[in-house]
Every structure is written in structure tokens, then in C-alpha cells.
Amino acid sequence: MKVAISASEPGMSASVDPRFGRAHCFVVIDLESGALATSDNTISQSAAHGAGIQAAKTVVEAGARTVITGKVGPKALAALQAAHVDVYQCSGGTVQQAVERWWKGSLTKVTAATV
Amino acid sequence: MRIAVASGKGGAGKTTIATSLAVIAAERGLTTTFLDCDVEEPNGHLFLHPALCQKQVVNVPVPQLDEKTCRDHGVCGRCGQACHFSAIVCLGDVVVVNPDLCHGCGACILACPANALKEVPHRTGVVESGQAGALRFAQGLLDVGQAMASPVIRRVKEWGAQEVPAGLTIVDAPPGTACPTVEAVRGSDFVLLVVEATPFGLHDAALAADTLEALGVRAAAVLNRVDRFVEAGRGITEFGGAILRGTMPVLARIPADRQVAEAYARGQMPIGVVPRFRQAMERLLTRLLEVARREAA
């Protein structure tokens, strides 16, 4: 089971990037092995259109089944839902704090676009 | 001869000048066509009052997926790799199509080895056409919520291309430097760049001038709404770019004029109520046609 968190830089102490589509990168945590990886998102960041969909592709390709992020747009959410990825909303804090809050069940699952 | 009227910044006076030039050209006996290619907000009709008798729907061909055929061939994902606009994307074993992002290029159809995709029409807007007095008139209207303006603009231009050889076509282009502007000016013999004489207007005009240069389209500028700030030379030197570097000729300087603004706000053509503005437009058209014919020759 892998979780992807939109982040401003790699690592557990990075702050959560409030944007999904145009996030700087995604920190991807493998909950079974504890392995940490980073998926670059610069292609989406500079895209004129379709950034959210590209970002969805990035996290799906990284193997994530759960995404923790700030705000997610309608096209990105539809793409993530089609790929059976759950999205949880988290404002502020570090990647570490976001994962802990999600694990405790205190983050809200996103069912409608938030931008 | 096709002349596009463009601007960097919106609200520079593009439509006021384009409609004025078209009406005066028609008065002079030129067979004149007015094409409103500012398809996100066409407003030439507010001044020209055309009788729009024809309406044509504009469709973009977008991919439709046969999921079973795709799955049977293992969801290879080549369609998504072929698309540069994320209009079709392969997420693991799911293919997602976003018609609103599709440019209708057909690359995904060609890339699919399983023939699991076919093209279906997706409506983006309409082209309305008819007659406004002596003017032939057409305008594009992009549907609300649609992002793809270029196909609508292309269809307006196609309508206008059914023209009489000696005629003049005035294209009212969308402001800016992006795809819709490029599509509107493409194929024009000459471009008149309407420059709002403010720092903001000059800054954006410089970007538009660079775009036209990159496209290899010959152009001249008209400085609009010139006031004392500009007359004193401030702003232009700082922001004027190509215009002030001397690579783009300035055909006229139209002063800021409250009466012109008032006429416009009432929905009247300023050339009909402000004689000094009519004279300025008369002179501008004469110079524009001279320069454009010389450059096109």
C-alpha cells in the first residue's frame, strides 16, 4: 500500500504543497516496507492545460492508492477516481504530520472537487 | 487583402478601430468582410448590428474509447503517450478521455494498435454569419466552459475566405499572444497592432509585437488613447519594445477622447458621432492600405 503526498520538496519534513496538479513533487511512502520515494512533478507544474491529469498519472504510475493533498480540481479528481485512488484533504503541516493524521483517520476524504 | 487587427492587452480599442476601418472601407466602395475572431467575447456585432441569417456548429473530433477492445489488447497506453495535452491519459489499467482538453489532432487514433478509439464530434462553438449593411459579417462564438477557441476561429476564417478577389477582409483578433491570437492572425497579409498608450498596454503590445515577428507577419502599430503621460515620452521608452526600437512603424496616434468613450459606452460607433475621430480613422485606413499593399507586394 503506497500513499502519495503533494510536497514542496522531497522528504518527510517537507511541507505539504497545497496544490495537487501543480505541486512541486509527490513524496510516496510504501507503508509495508517503509520505503520513501519522490515523484517529480515539474512537467505538470509548467503545463498550460491538464496539469491535474498529468499529476494524477504521475501518482498512479508511482503505485499510490491514496493521495493526501490540499486542493484538487475536477479533472484531476475524476482521473484519480477512475484509477481507484482515494484522495484526502490536508491543509498545512509537514508530510510526516499529514501521514500521521491520515493514519489516525482525522483527514477528510475528498468526494467533490475542492477548486 | 486580409488585415488582422490585434492587440496585446484587452480593451486597447481593437474592436472600435476594426469596426471603424471596416465601415469606412465599405463606404469607399471596397467589398469588405468583417470577421470577429475574438470568439470568447465577440462584440463587433454590438456596433455593426448584422443580420445573422446563417449558423454553423463547430465540432472538434475527439476520441471515444471502446473499453473492451482496449482491455483485450492489454491497455498499452500509447494513446496517452501520443497526447501532449492530457486529453487522453492512461492511468494504470484505466484510460480517461477529457474532451474539453482535446485539440482534435487525431494522434491518439493513429497511435492505438488495437483500433479501440474512434473519433466522435464534440461541440465547441458556433459561427454566425450574414450581412451588416454593405459589410459581409461573420463571428465565432465559443461555447461557455469550452477551452478550444482555435477551431472556432479557423471556421470563421474559412467562411471569410469565400471572398471576392479585390475585397478587403478585416479580422478582429482576440487580445494576447496565445493560440487564439496566433490562429486569428495566421494567413493575414498584414496586422494592425492596436497599442493602448499606457505602461500596461505598451508592455503587452511589446509581447504581441514579438509574437508577430516570430510568426513572420508584417505589422504596423496604432497608438490609441494617447494622453499627456505618453506625450511626455514616459512609458513608451520603458515599455514600447519593438515599436520604439523602430522595427514596427507607427501609423497613427489617436488621442484619449472622452466623447469617443461616451459614444462607445452608448453602443454607438464613435465615427458616427465624433467627427475628429472619423477623420483620424479615415486617415488611418488610407495609410494602412498604402503600407499593407506595399508590404504585401
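Throughout, protein chains are lettered first and strands after them, A, B, ... in sequence-line order, and every chain is numbered starting at 1.
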Using side-chain contact (heavy atoms from CB on, under 4.5 Å) as the criterion, list what pairs up with C179(B), not counting sequence neighbours. S150(B)

Sorted by chain and residue number, the side-chain contact (heavy atoms from CB on, under 4.5 Å) partners of S39(A) (sequence neighbours excluded) come out as F26(A), V28(A), T58(A), A62(A)

For D72(B), which residues count as a salt bridge (charged side-chain N to carboxylate O under 4.0 Å, His left out) partner, sequence neighbours excluded? K68(B)

Picking from A178(B), S86(B), A87(B), which has the most non-hydrogen pairs under 4.5 angstrom with chain A? S86(B)

If you tally heavy-atom pairs under 4.5 Å against chain A, which of L91(B), V94(B), D100(B), V96(B) wins? L91(B)

Assess whether atom [atom1] of [X] is packed by more than 12 heavy atoms of other residues, nucleotides or ligands within 6.0 Å.
{"X": "E9(A)", "atom1": "CD", "result": "yes"}
{"X": "R218(B)", "atom1": "CZ", "result": "no"}
{"X": "E158(B)", "atom1": "CD", "result": "yes"}
{"X": "I43(A)", "atom1": "CD1", "result": "no"}

To the nearest 0.5 Å, what is the distance between NZ on K57(A) and CD on Q81(B)? 6.5 Å

Neighbours of chain B found in residues 78-86 of chain A - heavy atoms under 4.5 Å: A79(A), A82(A), A83(A)

